[in-house]
Amino acid sequence: MSNQQIAKLFRNVVAAYSIKDEKKFHFQILAYQTAAETILNTTEEIKDLYKEGKLISLPGIGETIKGRIEELFKKDHVAHFDWVLKGIPKSVFVLIEIPTIGPKKAYKLVKEFSLENPDEVIEKLIFKAKNGEIAKIPSFGEKSEQDILRALLEYKTGKNKTARMVLPYAAEIAERIIAYLKKSSVIAEAVVLGSLRRMMPTVGDIDVAVATNEPEKAIQYFVSYPYKDRIVEKGPRTASILTSGGKQIDLMVQPTEGFGALLQHFTGSKAHNVHLREFALKKGLSLSEKGIKNLKGKGQKLKTYDSEEKFYSALGLSWIPPEIREDTGEIELAEQQNLPQLVELSDIKGDLHLHSDFPIEPSHDLGHNSLNEMAEYAKKLNYEYVGFSEHNPSISKHSKNDIYFLIARRNNLIEQIISSNKGIRILKLLEIDILTDGSLAINNNSLDLLDGAIVSIHSSFNTDKNEMTKRVIEGLSHPKAKILAHPTGRLLNKRPGYNLDFEKLFDFCKKNNKALEINSWPLRLDLPDSLIRQAVKYKIKMVINTDSHSLSEMNLMKYGVAMARRGWAEKCDIINTLPYEKLLDWFKK
DNA sequence: GCCGTTTTCGGCCCGACTGTTTTCAGTCG
C-alpha cells in the first residue's frame, strides 16, 4: 500500500467522522487530518518505516495511529476503520475528491438520490444537476447546483490537471502574474509565497501576496488578469482565479504596515503555522495574517508588522528561512537563536556535472554546447571551476582501446581550453554507468585519465533493495569513483526511483569519503530533501550539480541549492563550495 | 488522537469566502 493510498484512507476516515458527528469526533478528525498530511509529505515509504519500526518518529503519528497502520499492513484492513466507515456509501469517498464538495455535501447528495454505486455517481449526479433536481434539496439552491455541475464536469474532463507542477514551471507562471500585478499603481509590493517560496519540488496552487492601501482596487485588478479562465472567488481581502492553463492562483492582501504578518502566514507550511500559533498562545499571543494580538492586555489591540523579521522577533524567534518552515524542529532552534547557516547559491564555486557536445559516443545523451561555450558560461556565473562529466563512451560499440582514446581526445581539448583560458579551472570527470554486477563501465586505464568519476545507475531499475545497494556500493568502491549522481533515480510525477538502503549507503560514504549528488534538474531534484537532512546528520559530503546538457540548464543550480537548504545543509556539507585546490585534494583523498 | 520547559491531563490556530440563511454551515488554506 502506497503513502497516497494510506493518506486517502485516512481522509475517508476523516470524512466518515465528520458525517457521523463532527463535534464528538473533532479531535480525532484533527489527528487523522494531520497524520494524512504527514504521510503525504513524507518521501520515505510508510511501509518501509513500518518494517523498520520507525513509524512513531513521524510527527502526528502516536501510539494509536501507529497501531492502525500496523494492523493495515498485517491484515489488509483495520477493524476500527471498518466500524467508522460503516454505513457511508463508497460513492461519498469519490465525491469528496472534487474541490468544493466536502463530506457533508457528498453525503447529502448520495443519500438524496440513492447514488450508492461509486462507478456511476459522477455521471448520475451530472444528470441530476442538469435536470435541476439538486436545487430542490433544502440548503442547496440554483447557484450551488451550477457550482456542483461545473466542479463535476471539470473533474471528469481534467483529472490530469490535478498533477502538481514541477517547481520551475510554477515559478514561470508566478513570474508572469507578479509582473502583471506590479504594473498596478495601487499595488506597493507583490510577492510569491506558499509552497513555491518554500521551494517544494512540486507546487499545487500559486500563492501571491500584495501590499496595498486600496485592497478593493488591488483585488479588482488581480481578477482582471488577462490570462485567466475564470474567477473562483473574490472577497474584500482574498481572491482566487484559474488561469487558462487550469492552474489556480490565490491572492491575499494587507496594508503595507501589516505586510510582514501576511508574508509569514501565507508562506506556511500549515504545520509550521499551527505550531507557531500554539507556541504563541502559550505566551498569551494570538497570531493571524493581520498581526499579533496580546490576549493578556485589556485592550487586546492588534499589533502590525511590516516585515517578517519583526514578526518572528516579536515572538522571541530569529527569522526562519522559508525552505525549512515544515515544523521539523526549526521553531525550537529559532527560539534558541541556533538555526543552521543554510548553504546559499553564492557559496557555490563550480558545477561538476556538465555534458558537453564533445563526440564521446555515449550510449546515453550528449550535450548541445561545446566544452568551450560551457566553460565561458561558467565564468558568467562567477564560478571558479567546472567539471566535465559526459557519459562514458558506449561499451557495446567500442573496444577498451577505443574508449581510452576517446577520453584522451576529450582531455586534450580540455587541456587546450585550460591553457588558453585562464579565467576558469576545469576538472576532467566522466559520468560512468554502474553495470548490473556493480562494476564500472570503463576499465582502470581509462579511469586513470580522469581527476575523478561520477557514477550512476541508468539500467535495471527494478532490482531488489539489497542487490541494488550492493551494486551501488560496489560501483562507488573504486578509488576514482567519488560521487554518486542522482542517488534515488526518481523522476517527479513519473517514477518513484529504485530501492536503496540509504543507511548502508550513508555508512559506506562516511567511511570511504564519497559524496552524494544533489541533482538540480527539475524532474529529478535528487537527493530528495528528507534524505539530504539525514545525510547532513550522518555528516556525509554532498555536491550540488545541474547535470546540464545546454547553457540555459546551467542556471538551474538555484533549485539544487534550494533542495540542499530544505534538507538543512550548510556550506560545509557541500564540496563544491570548496576552492579549487581544496576540491582537488578532496578528489585525491 | 496527539503532545509536553505551565501540563502524563487537559489542552488543541485563525481566518477567508460562498450560498442559503436571516445568523450560519460548509469548504478551504
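When reading the values below, keep in mind they use all heavy atoms of this one structure, side chains included, and skip hydrogens, waters and symmetry mates.
The side chain of A:Arg277 places no N or O atom within less than 4.0 Å of a non-bridging phosphate oxygen (OP1 or OP2) of B:dG15. Between A:Lys282 and B:dT6, a side-chain N or O to OP1/OP2 separation shorter than 4.0 Å is absent. Between B:dC13 and A:Ser288, no contact under 4.0 Å exists linking OP1 or OP2 to a side-chain N or O. Regarding contacts with the backbone of B:dC13, every side-chain N or O of A:His272 stays at 4.0 angstrom or more from both OP1 and OP2. Between A:Thr34 and the phosphate of B:dC2, there is no side-chain N or O to OP1/OP2 separation shorter than 4.0 Å. Look at A:Lys290 and you'll find a side-chain N or O under 4.0 angstrom from OP1 or OP2 of B:dA16. Residue A:Lys293 has a polar side-chain atom (N or O) positioned under 4.0 Å from OP1 or OP2 of B:dG15. Contact annotation: A:Lys104 side-chain N/O to B:dG26 OP1/OP2 distance is under 4.0 Å. Between A:Ser286 and B:dC14 there is a side-chain polar atom (N or O) within less than 4.0 angstrom of OP1 or OP2.
Atom NZ in A:Lys66 sits roughly 16 Å away from atom C1' in B:dC3 (whole-Å rounding). Atom CD1 of A:Ile331 and atom P of B:dG4 are 12 Å apart (whole Å). Whole-Å rounding puts the A:Leu262 CG to B:dG15 P distance at 14 Å. Nucleotide B:dG4 holds its C1' atom 11 Å from the CD atom of A:Glu332, rounded to whole Å.
Within 4.0 Å of A:Glu37, counting heavy atoms only, lies no atom of the nucleic acid at all. Among the protein residues, A:Leu276 comes within range of no part of the nucleic acid, since none of its heavy atoms lies under 4.0 Å from any strand. Here A:Phe140 lies in heavy-atom contact (under 4.0 Å) with sugar-phosphate atoms only.
Rounded to the nearest Å, the gap between the C1' atom of B:dT8 and that of B:dC2 is 12 Å.
Without hydrogens or angle criteria, A:Asp526 side chain to A:Asn519 main chain gives no donor-acceptor distance under 3.5 Å. At least one donor-acceptor pair under 3.5 Å links the side chain of A:Arg565 to the backbone N or O of A:Val343. Remark: side-chain polar atoms of A:Ser318 are not paired, donor with acceptor, to backbone N or O of A:Gln337 under 3.5 angstrom. Under a 3.5 Å cut-off, the side chain of A:Lys290 and the backbone N or O of A:Gly258 do not form any donor-acceptor pair.
Proximity note for A:Ile65 (side chain, C-beta onward) versus B:dG15, B:dC17, B:dG1: the nearest is B:dG1. When distances are taken from the side chain of A:Lys143 to each of B:dG19, B:dC14, B:dC17, the shortest belongs to B:dG19.
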For A:Arg277 and A:His265: C-alpha separation, side-chain torsions, deciding distance, then whether side-chain hydrogen bond (donor to acceptor under 3.5 Å, both in side chains) applies. CA-CA 10 Å; A:Arg277 286 170 183 194; A:His265 164 78; 2.9 Å; yes
Kindly indicate, with the supporting measurements, whether the criterion ring-ring contact (aromatic ring centres under 6.0 Å, His included) is fulfilled by A:Tyr180 and A:Tyr221. CA-CA 9 Å; A:Tyr180 169 77; A:Tyr221 181 77; 4.3 Å; yes
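Across all strands shown, nothing is found opposite B:dT8 as a Watson-Crick or G-U wobble partner with both distances under 3.5 Å.
The side-chain contact (heavy atoms from CB on, under 4.5 Å) with A:Phe222 is formed by just one residue from the set A:Ile231, A:Ile249, A:Val210; it is A:Ile249.
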Nucleotides 9-12 of chain B: which of its N/O atoms have a protein N/O under 3.5 Å away?
residue : atom : partner  : partner atom : Å
B:dC12  : O3'  : A:Glu278 : OE2          : 3.0

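DNA chain B is contacted by both A:Met252 and A:Ile101; A:Met252 maps to the nucleotide lying nearer its 5′ end (nearest heavy atom per residue). With the nearest nucleotide of DNA chain B identified for both A:Lys270 and A:Asp205, A:Lys270 has the one nearer the 5' end.
The distance from the OG atom of A:Ser520 to the CG atom of A:Asn555 is 11.0 Å, given to the nearest 0.5 Å.
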